[in-house]
Amino acid sequence: MQESEKTTSAPEPMQNGEAMSPDAQDSRGPPGDESQGAVPSAPPLPQEPLPGPRPKLVFHTQLAHGSPTGRIHGFTNVRELYAKIAEVFEISASEILFCTLNSHKVDMQKLLGGQIGLEDFIFAHVRGETKEVEVVKTEDALGLTITDNGAGYAFIKRIKEGSTIDRIKTVCVGDHIEAINDQSIVGCRHYEVAKMLKEQPRGTPFTLRLVEPKKAFDMIGQRTRAPKSSEGKMVSGKETLRLRSKGSATLEEIPSEFEDKAIKKVDDLLESYMGIRDLELATTIVEAGKNKKNPDDFAEALDSVLGDFGFPDVFLFDVWGAMGDVKNGRI
């Protein structure tokens with residue numbers, strides 16, 4: 001934000017190379033009145049210390065299948081985060097499928113979404129083996145929930161028990177969906193991939209090319225949180241670094257209890273209506289609606305920031321109702 005210019009007064013007279021304060025000048029009395037002597041002045045009021053530079057946010061990171069610990073900083077979005085991790089471990093950023101926080105396991109509850117706590121430890125899961133599976137839809141839904149890493153890779157976040165995909169034991173949570181029928185979907189968002197899968201006809205086989213996260217060759221020992229870095233400050237976890245797919249990261253307070261519950265409920269509705277889970281998207285929806293007075297204002301606000309999604313009206317009403325339930329303590 002551009003600051004307005006401020007008019008400054010003329011510099012004070014210099015004495016011995018230093019600016020004289022108003023107090024110093026007043027204490028000498030009128031010129032030529034030496035008999036009065038120096039008039040004592042009141043001690044200067046203590047000045048507020050100037051704000052120091054904002055501490056550099058430093059995060060510790062490892063490759064999930066095992067590596068030394070690295071430190072990263074200076075990223076403003078997910079793509080830059082992956083680039084920083086890749087630079088530390090001398091790999092290509094395209095090797096990173098997704099990241100988890102404070103756990104090296106493929107744990108979708110620990111998935112890095114739109115926010116990173118300032119003391120979170122980042123584990124990067126990289127490309128492992130590629131596999132192809134043939135799928136035949138026996139019902140409209142495959143039983144998959146899709147999410148993406150914010151940098152062009154969609155992957156499986158959940159498999160419904162007893163579903164078509166659940167019966168194919170080689171398909172696992174965490175697998176990156178690289179292609180459908182040899183058509184690459186790298187660069188597609190999760191909702192686009194979910195739509196493609198939904199449109200596959202029943203009874204007709206199709207092929208999924210999947211890339212699983214790399215696994216360790218031996219047991220990975222228990223990792224403990226790294227000590228605070230001396231080259232930067234790992235600040236209190238009461239704030240989070242909010243990452244956005246568009247725009248720069250911002251340092252924000254942790255979501256309130258209302259926001260936290262509403263975000264989780266909206267994420268559930270995204271899965272129910274669209275077959276995707278996306279905490280960043282759910283957070284954006286809640287932020288658009290938390291101060292609105294009626295569903296029409298909410299729909300208009302949501303359309304201004306997420307118009308490309310074309311959410312159906314029934315979804316918007318369910319989201320509005322869920323947010324009202326959370327606000328009124330019914331959830």
N149: side chain to side chain donor-acceptor pair (under 3.5 Å) partners, not counting sequence neighbours:
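Checked N149 against side chain to side chain donor-acceptor pair (under 3.5 Å); zero matches.
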With sequence neighbours excluded, what pairs up with K131 under the side chain to side chain donor-acceptor pair (under 3.5 Å) test?
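In terms of side chain to side chain donor-acceptor pair (under 3.5 Å), with neighbours along the sequence ignored, K131 is linked to D175, E212.
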Between the side chain of [X] and the main-chain N/O of [Y], is any donor-acceptor distance below 3.5 Å?
X	Y	result
K137	K198	yes
D260	E257	no
T61	I122	yes
E192	R189	yes
T283	L279	yes

Nearest-0.5 Å distance, [atom1] of residue [X] to [atom2] of residue [Y]:
X	Y	atom1	atom2	result
T76	L81	OG1	CG	10.0 Å
T100	Q109	OG1	CD	12.0 Å
L101	E119	CG	CD	13.0 Å
M323	I263	CE	CD1	9.5 Å
D120	N102	CG	CG	4.5 Å

Electrostatic pair E80-K84, nearest N-O below 4.0 angstrom
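The answer is no: the pair does not qualify as a salt bridge.
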Is R277 paired with D268 through a side-chain N to carboxylate O contact shorter than 4.0 Å?
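So D268 pairs with R277 through a salt bridge.
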Might you confirm whether atom [atom1] of [X] has over 12 heavy atoms from other residues, nucleotides or ligands at distances under 6.0 Å?
X	atom1	answer
E139	CD	yes
K110	NZ	no
N294	CG	yes

Would a 4.5 Å heavy-atom cut-off, applied to side chains only, mark [X] and [Y] as touching?
X	Y	answer
L281	I276	yes
V135	L142	yes
F206	I180	yes
I85	C99	yes
V171	L208	no
L63	V126	yes
I96	H125	no
L270	F311	yes

Nearest heavy atoms of [X] and [Y], plus distance in Å:
X	Y	value
K292	W320	O-CH2, 3.2 Å
E271	R158	OE1-NH1, 2.8 Å
C188	M196	SG-CE, 3.9 Å
F59	I116	CE2-CG2, 3.6 Å
D107	S103	CB-OG, 4.4 Å
S163	K160	OG-O, 2.6 Å

Cation-pi check, K327 to F258: give yes when NZ or CZ is under 6.0 Å from the six-membered ring centre and within 45° of the ring axis, no otherwise.
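Relative to the ring axis of F258, which defines the angle, K327 lies inside both limits.
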If the condition is salt bridge (Lys or Arg N to Asp or Glu O under 4.0 Å), which residues does E95 pass it with, not counting sequence neighbours?
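Once residues adjacent in sequence are excluded, E95 has no partner under the salt bridge (Lys or Arg N to Asp or Glu O under 4.0 Å) criterion.
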Taking salt bridge (Lys or Arg N to Asp or Glu O under 4.0 Å) as the definition, give me every residue that meets it alongside E178, ordered by chain and number, with sequence neighbours left out.
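With neighbours one apart ignored, the set is R127, R209.
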Give a yes-or-no answer on whether the side chains of E132 and T207 include a donor-acceptor pair shorter than 3.5 Å.
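The criterion, which ignores hydrogens and geometry beyond distance, is not satisfied for T207 and E132.
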Donor + acceptor pair across side chains of T69, Q62 (<3.5 Å)
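T69 vs Q62: donor-acceptor pair found between side chains.
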Given the rule in the side-chain contact (heavy atoms from CB on, under 4.5 Å) test, do V88 and R71 qualify, once you have shown the distances and angles that lead to the verdict?
CA-CA 8 Å; V88 166; R71 292 184 177 90; over 6 Å; no
Residue among L111, V173, I146 satisfying side chain to side chain contact (heavy atoms under 4.5 Å, CB included) with K157
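Of all the options given, the one that passes is L111.
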Qualifying residue for side chain to side chain contact (heavy atoms under 4.5 Å, CB included) with I285, from D267, L316, L302, D278
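Testing I285 for a side chain to side chain contact (heavy atoms under 4.5 Å, CB included) against D267, L316, L302, D278 leaves exactly one candidate, L302.
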Start with the C-alpha distance between T204 and V136, add both sets of side-chain angles, then the distance that settles side-chain contact (heavy atoms from CB on, under 4.5 Å), and finish with yes or no.
CA-CA 6 Å; T204 303; V136 180; over 6 Å; no
Please determine whether residues L306 and V319 belong to a single hydrophobic cluster, defined as Ile, Leu, Val, Met, Phe, Trp and Tyr linked transitively by side-chain heavy-atom distances below 4.5 Å.
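Yes, because L306 and V319 connect within a single hydrophobic cluster, where side-chain heavy atoms sit under 4.5 Å apart.
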Does the ring pair (Phe, Tyr, Trp, His ring centres under 6.0 Å) test come out yes or no for Y82 and F75, once each step is laid out?
CA-CA 9 Å; Y82 287 6; F75 53 89; 9.8 Å; no
Please collect all ring-ring contact (aromatic ring centres under 6.0 Å, His included) contacts where either partner lies in residues 134-173, sequence neighbours excluded, each pair once.
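Non-adjacent pairs meeting ring-ring contact (aromatic ring centres under 6.0 Å, His included): F98-F155, Y153-H176.
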Between N181 and Q200, is the side-chain contact (heavy atoms from CB on, under 4.5 Å) condition met? List the steps.
CA-CA 10 Å; N181 287 333; Q200 297 299 316; 3.7 Å; yes
Which is it for I177 and L197 under the side-chain contact (heavy atoms from CB on, under 4.5 Å) test, yes or no, and what are the steps along the way?
CA-CA 11 Å; I177 305 175; L197 293 173; 4.3 Å; yes
By ring pair (Phe, Tyr, Trp, His ring centres under 6.0 Å), which residues pair with Y273, not counting sequence neighbours?
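Residues passing ring pair (Phe, Tyr, Trp, His ring centres under 6.0 Å) with Y273: F315.
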